[in-house]
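Worksheet: the structure to be examined is printed underneath.
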Amino acid sequence: MPWPPKDLLVQLAKLNFCSKSIKLPMNWQEPGDHYPQGFQAGEAAVPPNVPLNLFREESLNKYHVGSSKDIGKLFETYIEGICGAVHGAVDQWRQMAVISGVIIVGPVASVGMVVGPPLTPLIMAQGPKGTPKELKYTTAIANALGTAWFPWQSSIKVPGLPWYPAFAAFPGPVAPPMPNIPIPLIALVSVDASLSPGALSGLMMANLGDPTALHAKDLFDAISKAFNTVFTMFKGMTMVTNVLGTGPIPTFAPPFVPVGPVMGGVGTGPPGFLV
């Protein structure tokens, strides 16, 4: 399974935001004793919003409940759009990424370099941009994820894994291309610090350039935390396959030495090696 379901990323982001229990209107205080008299019957107290509404109402006043619901719906729609774009971008990256420069000695593979398309334009192509504010937030998120993704991608290395058992003693002068033993992506070494929730959220805020923007940090925190959770699942669920290894057997000298280990071999994984 390549990439955890999009709905999981969306739901986690919503739950993270909901857990902050933000009340609207913010910092509201009842004006005075005359306040309830300003409303018609049925307006002073109405049923509250459902528990998973993204904002809590400050009171059961009809207008507090209604505005919390309406603004919550706007945030829900945005979260669904941006999380869908992020999910789609990472899945495109997975399908287009390649690995090269894997060094093979005997059955053991090591090092290598993973290269994939930049994430930012992939997110921007699919992210919400219908209003100036949506464009600003989507740009901040896309740039943060694109910036943070690159060092993780560049840090991926094969840590000396027995990918090619047949190469320990191969009966020929050159071992033909053979696929590696499939393993989860998480078995490769990589540095994930740039994709931590704190690092991502901070980068999104810096990209937005407006520290006073209402609920921006809450939104970025929710998305960053959800992304990090799903990213960890992605590494565990995505398999590294079809990295074709080949190389010479310098010691091959029949009939006295009929088999020998691959020395100085190389491995290459084409687009689609992550499944």
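The basis for the numbers below is simple: all heavy atoms, side chains too, and nothing from hydrogens, waters or symmetry mates.
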Query raised in the report: Near Lys69 NZ, under 6.0 Å, is it more than 12 heavy atoms from other residues, nucleotides or ligands?
Result: no
Requested in this report: Flag the pair Ile82 / Thr138 as yes when at least one side-chain heavy-atom distance between them is below 4.5 Å, and no otherwise.
Outcome: yes
Query raised in the report: What is the distance from atom CG of Leu203 to atom CD1 of Ile141, rounded to the nearest 0.5 Å?
Result: 11.5 Å
Query - Point-to-point distance, once rounded to the nearest 0.5 Å, from CG of Leu219 to CD1 of Ile79 - result: 5.5 Å
**Report entry** Least distance between heavy atoms, Met204 atom then Ala140 atom
**Finding:** O-CB, 3.6 Å
Query raised in the report: So do the side chains of Met96 and Pro271 get within less than 4.5 Å of each other, counting heavy atoms only?
Result: no
Query - Qualifying ring-ring contact (aromatic ring centres under 6.0 Å, His included) pairs with a residue from residues 106-139, counting only residues at least two apart or across chains - result: Tyr137-Phe220
Query raised in the report: Between Asp70 and Lys73, does at least one N-O distance fall below 4.0 Å, as a salt bridge requires?
Result: no
**Report entry** Pro48 and Val65, any side-chain heavy atoms less than 4.5 Å apart
**Finding:** no
**Report entry** Worked check of side chain to side chain contact (heavy atoms under 4.5 Å, CB included) between Trp163 and Val108
**Finding:** CA-CA 6 Å; Trp163 272 4; Val108 177; over 6 Å; no
Query raised in the report: Is it the case that one hydrophobic cluster holds both Val230 and Met237, taking links as side-chain heavy atoms less than 4.5 Å apart, direct or via other members?
Result: yes
Report task. Would you kindly confirm whether Ile186 and Ile183 end up in one hydrophobic cluster when ILVMFWY residues are joined by side chain heavy atoms under 4.5 Å apart? Result -> no
Query raised in the report: According to the salt bridge (charged side-chain N to carboxylate O under 4.0 Å, His left out) rule, which pairs have a member within residues 127-155, sequence neighbours left out?
Result: none
Report task. Might you work through the side chain to side chain contact (heavy atoms under 4.5 Å, CB included) test for Thr131 and Leu135, ending with a clear yes or no? Result -> CA-CA 6 Å; Thr131 66; Leu135 175 61; over 6 Å; no
Query raised in the report: Is the backbone N or O of Asn228 less than 3.5 Å from a side-chain atom of Thr232, with the two atoms forming a donor-acceptor pair by type?
Result: yes
Query raised in the report: For the hydrophobic clusters of this structure (ILVMFWY residues joined by side-chain heavy atoms under 4.5 Å, transitively), does one cluster hold both Met239 and Val98?
Result: no
Sequence neighbours excluded and cut-off under 3.5 Å, please list the side-chain donor-acceptor pairs for residues 118-127, or say none.
{"residue": "Thr120", "atom": "OG1", "partner": "Ala142", "partner atom": "O", "Å": "3.0"}
{"residue": "Gln126", "atom": "NE2", "partner": "Gln92", "partner atom": "OE1", "Å": "2.9"}
{"residue": "Gln126", "atom": "NE2", "partner": "Leu122", "partner atom": "O", "Å": "3.3"}

Query raised in the report: Is the Phe75 ring parallel, tilted or perpendicular to the Phe17 ring (thresholds 30°, 60°)?
Result: tilted
Query raised in the report: Taking all non-hydrogen atoms of both residues, which atom of Met205 and which atom of Pro211 are closest, and how far apart?
Result: CE-CA, 3.8 Å
Query raised in the report: Would Asn61 and Glu43 count as having a side-chain donor-acceptor pair, cut-off 3.5 Å?
Result: no
Query raised in the report: Judged by atom type as modelled, is there a donor-acceptor pair below 3.5 Å linking the side chain of Asn16 to the main-chain atoms of Leu12?
Result: yes
Report task. Give a yes-or-no answer on whether the side chains of Trp152 and Ser190 include a donor-acceptor pair shorter than 3.5 Å. Result -> yes
Query raised in the report: Do other residues, nucleotides or ligands put more than 12 heavy atoms under 6.0 Å from Lys225 NZ?
Result: no
Report task. Search all heavy atoms of Pro184 against all heavy atoms of Gly236 and return the closest pair with its distance. Result -> CB-O, 3.8 Å
Query raised in the report: Side chains of Phe234 and Phe231: closer than 4.5 Å at any heavy-atom pair?
Result: yes
Requested in this report: With sequence neighbours excluded, tell me which residues meet side-chain contact (heavy atoms from CB on, under 4.5 Å) with Gln153.
Outcome: Trp93, Val114, Trp149, Phe150
Query - Hphob cluster co-occupancy, Leu161 + Ile104, side-chain heavy atoms under 4.5 angstrom - result: yes
Query raised in the report: Are Val158 and Val266 joined in one hydrophobic group, where the rule is that I, L, V, M, F, W and Y side chains link up if heavy atoms are under 4.5 Å apart?
Result: no
Query raised in the report: Roughly how far, to the nearest 0.5 Å, is NZ of Lys14 from CD1 of Ile223?
Result: 11.5 Å
Query raised in the report: CD/Glu80 to CG/Asp7 distance, rounded to the nearest 0.5 angstrom?
Result: 9.0 Å
Requested in this report: Kindly compute the distance separating CG (Asn143) from CG (Leu208), expressed to the nearest 0.5 Å.
Outcome: 11.0 Å
Report summary line: Heavy atoms of Cys83 and Lys6 approach each other most closely as O-CG, 4.5 Å
Requested in this report: Would you mind reporting whether Ile249 and Thr251 have side-chain heavy atoms less than 4.5 Å apart?
Outcome: yes
Query raised in the report: Can you name the nearest heavy-atom pair linking Ala97 to Pro117, along with the distance?
Result: N-CD, 4.5 Å
Requested in this report: Could you tell me which non-hydrogen atom of Ala199 sits nearest to which non-hydrogen atom of Ser194, and how far apart they are?
Outcome: CB-O, 3.8 Å
Report task. Look at atom NZ of Lys235 and say whether more than 12 heavy atoms of other residues, nucleotides or ligands are closer to it than 6.0 Å. Result -> yes
**Report entry** side chain to side chain donor-acceptor pair (under 3.5 Å): pairs with one or both residues in residues 204-224, sequence neighbours excluded
**Finding:** Ser201-Asp221, Asp210-Thr212, Lys217-Asp221
Query raised in the report: Does Met26 reach the side chain of Glu58, with side-chain heavy atoms less than 4.5 Å apart?
Result: no
**Report entry** Note, Val191 side chain near Ile156 side chain (heavy atom, < 4.5 Å)
**Finding:** no
Query raised in the report: Hey, does the side chain of Arg56 reach the backbone of Ser68 with a donor-acceptor pair shorter than 3.5 angstrom?
Result: no
Query raised in the report: Yes or no on side chain to side chain contact (heavy atoms under 4.5 Å, CB included) for Leu9 and Thr229, after CA distance, side-chain angles and deciding distance?
Result: CA-CA 8 Å; Leu9 180 60; Thr229 299; over 6 Å; no
Query raised in the report: How many angstroms lie between CG in Leu274 and CG in Asp91, if you round to the nearest 0.5 Å?
Result: 10.5 Å
Query raised in the report: Would a 4.5 Å heavy-atom cut-off, applied to side chains only, mark Leu24 and Glu57 as touching?
Result: no
Query raised in the report: Are Phe273 and Thr268 close enough, and set up right, to give a side chain to side chain contact (heavy atoms under 4.5 Å, CB included), and what steps lead you there?
Result: CA-CA 9 Å; Phe273 85 99; Thr268 304; over 6 Å; no
Query raised in the report: With no hydrogens and no angle check, is any side-chain donor or acceptor of Lys157 less than 3.5 Å from a backbone partner on Gly112?
Result: yes
When the side chains of residues 166-181 are checked against the rest of the protein, which donor-acceptor pairs come out under 3.5 Å, sequence neighbours left out?
{"residue": "Asn180", "atom": "OD1", "partner": "Asn242", "partner atom": "N", "Å": "3.0"}
{"residue": "Asn180", "atom": "OD1", "partner": "Val243", "partner atom": "N", "Å": "2.8"}
{"residue": "Asn180", "atom": "ND2", "partner": "Val240", "partner atom": "O", "Å": "3.2"}

